[in-house]
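Below you will find the structure I want to go over with you.
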Number of protein chains: 2
Amino acid sequence: MKEGPDIARIAALIGDPARANMLTALMSGKALTVSELAEEGGVTIQTASSHLSKLDEGGLLRPRKQGRHKYFSLAGDEVAQVLEGLMGLAAGAGHLRRRTGPKDIELRRARVCYNHLAGDMGTQLFDSLIARGFLTAEAEELLLTDAGADFVARFEIDLDDLRLKRTPLCRECLDWSERRSHLAGSLGRAFLARFEELSWATRDPKTRVVVFSRTGVKEFEQLFGGV
Amino acid sequence: MKEGPDIARIAALIGDPARANMLTALMSGKALTVSELAEEGGVTIQTASSHLSKLDEGGLLRPRKQGRHKYFSLAGDEVAQVLEGLMGLAAGAGHLRRRTGPKDIELRRARVCYNHLAGDMGTQLFDSLIARGFLTAEAEELLLTDAGADFVARFEIDLDDLRLKRTPLCRECLDWSERRSHLAGSLGRAFLARFEELSWATRDPKTRVVVFSRTGVKEFEQLFGGV
DNA sequence: TTCATGGTTCGAGCGTAATCGAACCATCTG
DNA sequence: CAGATGGTTCGATTACGCTCGAACCATGAA
């Protein structure tokens, strides 16, 4: 009866509404201060502080002090992945918080998942890269092929820079709305950043929604559409 | 602040120690009765019954009545995957319930993950299938190649039978101990079943441990070893 | 230095939910 | 039918942990 890691501990951490809201807010990938997170959690700053230290102790967050501010972000991809998984279960159980409003549609189309693109367009990107042989699952991990590296370079993403980092270059992340994989890891992050750089897309500062401009959609479709 | 599915609801479900223990027990893939799960959860039958109806209502379980028994199993792969993810986080946070006893070592070597093989040998199997081109991530999903189908047939797994089911044939599942993918889905299940059929391995009825016989290990290594 | 702002710590209040005893219902056995 | 076993429902108890007010500490600005 007592085998394996202690699942309840951290599930309980996520299981509190205030903390869950904070974590969901952090899925935007941005680092947020204690007071911002208090706002997101719908709770006073004192309680937020308490919640955040618990989450931190549980290894779910990465805190950073900057001046008199304290910024929190998710501890890593694994955390984001579990959160997405939970969203999938929650959505599947039919217990959506709000019954598919317009916001929900936008979220399903394109949203930020920690630091990369998720939703319909996220999976579209992923599928396209796989179908054209730019990505393969040759070994246990997802790998960028030579052709893929070439493509990425032409898209003006600095690959060498990414490879220097300790985080894995490619990673799969399961999408709660699409129930399919999309690209995470530092390359996934880089793609989203490049989209923003090109002004194809901007992030809604208040939500996780990623808004693609008209030309952005056109360019995107041309490059990654019609798999 | 209120976007996306209600994560807290189901995280809270998993967050109770008794329920978490029950779910962990169900990761063995077997369907268990209320009284067995009460035992696993370390709680009386009445409370277990209450817990189980909550989990059921949350969509995490699949109940089946058989005579005067009521059997519960996990609702599906997605649930198992989230549980594995949570185990990963818990293990990463260093909060193992018991500090790596001998049981823990066995679990890391080979264990049942819902219905398929996980642990070191699970990832070894997966890697081998990928490396030899039997599995590819050609589309959004993991696919069995023609050569793979051939191999599977020679291993005397009835592929047509599997394809009839509604569940996906291949699926990736992230391993908490190895932090790498292994094969889930109906094919993953079939492999484990075949290993048992060949008497290469047996499941420890009390835990999730999969015990490979001496010859079982030898045959396994010969077929899937040394990637 | 004083004042303002951002966070933390302490303590008390309060609710929710886990728990179990007891009674009840359902199914199988003899 | 009676008796045994497996589960559920109900109610009362209890405890854990969320919550916020208030006081405190740290940093930056005037």
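Model, not experiment: these values are computed from the prediction. Reminder, nothing fancy here: chain letters follow the sequence lines and each chain counts from 1.
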Legend entry - Interatomic distance, B/Leu52 CG vs D/dT9 C1' [rounded to whole Å]: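 My rounded result for the distance is 15 Å.
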
Inset, instruction - Take the protein atom CD of B/Glu36 and the nucleotide atom C1' of D/dG6, then report the distance between them rounded to whole Å. - result: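 Computing the B/Glu36:CD to D/dG6:C1' distance gives 12 Å.
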
Inset, instruction - Specify the separation, in whole Å, of atom CG of B/Asp16 and atom C1' of C/dT19. - result: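 B/Asp16 atom CG is separated from C/dT19 atom C1' by 10 Å.
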
Inset, instruction - Would you mind reading off the distance between A/Lys65 atom NZ and C/dG7 atom P, rounded to a whole angstrom? - result: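 It is 11 Å, rounded to the nearest whole Å.
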
Inset, instruction - Mind checking A/Thr33 for me? I need base, sugar-phosphate or nothing, with any heavy atom below 4.0 Å counting as a touch. - result: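 It contacts sugar-phosphate atoms only.
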
Legend entry - Separation of atom NE2 in B/His51 from atom C1' in C/dC20, rounded to whole Å: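 About 11 Å, once rounded to whole Å.
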
Inset, instruction - Check whether any side-chain N or O of A/Thr44 sits under 4.0 Å from OP1 or OP2 of D/dC20, and answer yes or no. - result: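 Indeed, a polar side-chain atom of A/Thr44 lies that close.
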
Legend entry - Non-hydrogen atoms of B/Met27 and B/Ala80 that approach each other most closely: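 It is CE-O, 3.7 Å.
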
Inset, instruction - Report yes if at least one side-chain N or O of B/Arg68 is closer than 4.0 Å to OP1 or OP2 of C/dT29; otherwise report no. - result: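 Negative; the distance criterion is not met.
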
Legend entry - Short side-chain N/O contact from A/Ser35 to OP1 or OP2 of C/dG7, under 4.0 Å: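 So the side-chain polar atoms of A/Ser35 do come within 4.0 Å of the phosphate oxygens OP1 or OP2 of C/dG7, strictly under.
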
Legend entry - Pair A/Arg111 + A/Glu84: basic N to acidic O under 4.0 Å: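 The answer is yes: the pair qualifies as a salt bridge.
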
Inset, instruction - Give a yes/no answer on whether the side chain of B/Ser50 brings an N or O atom under 4.0 Å of OP1 or OP2 in C/dT19. - result: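 So the side-chain polar atoms of B/Ser50 never come under 4.0 Å of the phosphate oxygens OP1 or OP2 of C/dT19.
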
Inset, instruction - Could you tell me whether the phosphate oxygens of D/dG7, OP1 or OP2, come under 4.0 Å of any side-chain nitrogen or oxygen in B/His69? - result: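 Indeed, a polar side-chain atom of B/His69 lies that close.
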
Legend entry - N or O in side chain of B/Lys70 less than 4.0 angstrom from D/dT8 OP1/OP2: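 Indeed, a polar side-chain atom of B/Lys70 lies that close.
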
Inset, instruction - Measure up the A/Trp200 and A/Phe195 rings against each other and bin them: parallel (under 30°), tilted (30 to 60°), perpendicular (over 60°). - result: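 Because their plane-to-plane angle is under 30°, the rings of A/Trp200 and A/Phe195 count as parallel.
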
Inset, instruction - Identify whether the distance between the nearest side-chain nitrogen and carboxylate oxygen of A/Arg109 and A/Glu106 falls below 4.0 Å. - result: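 Salt bridge between A/Arg109 and A/Glu106, a charged N being under 4.0 Å from a carboxylate O: no.
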
Legend entry - A/Thr47 side chain near D/dC20 phosphate (N/O to OP1/OP2, under 4.0 Å):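 A/Thr47 to D/dC20 OP1/OP2: side-chain N or O found under 4.0 Å.
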
Legend entry - Whole-Å gap separating C1' (C/dG6) and CZ (A/Arg64):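 In whole Å, C/dG6 C1' lies 18 Å from A/Arg64 CZ.
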
Legend entry - Side chain A/Gln46 and base D/dG21 donor-acceptor under 3.5 Å: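 Flag set: donor-acceptor pair detected.
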
Legend entry - Below 4.0 Å: OP1/OP2 of D/dC18 and any side-chain N or O of A/Lys54: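 Yes, within the criterion.
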
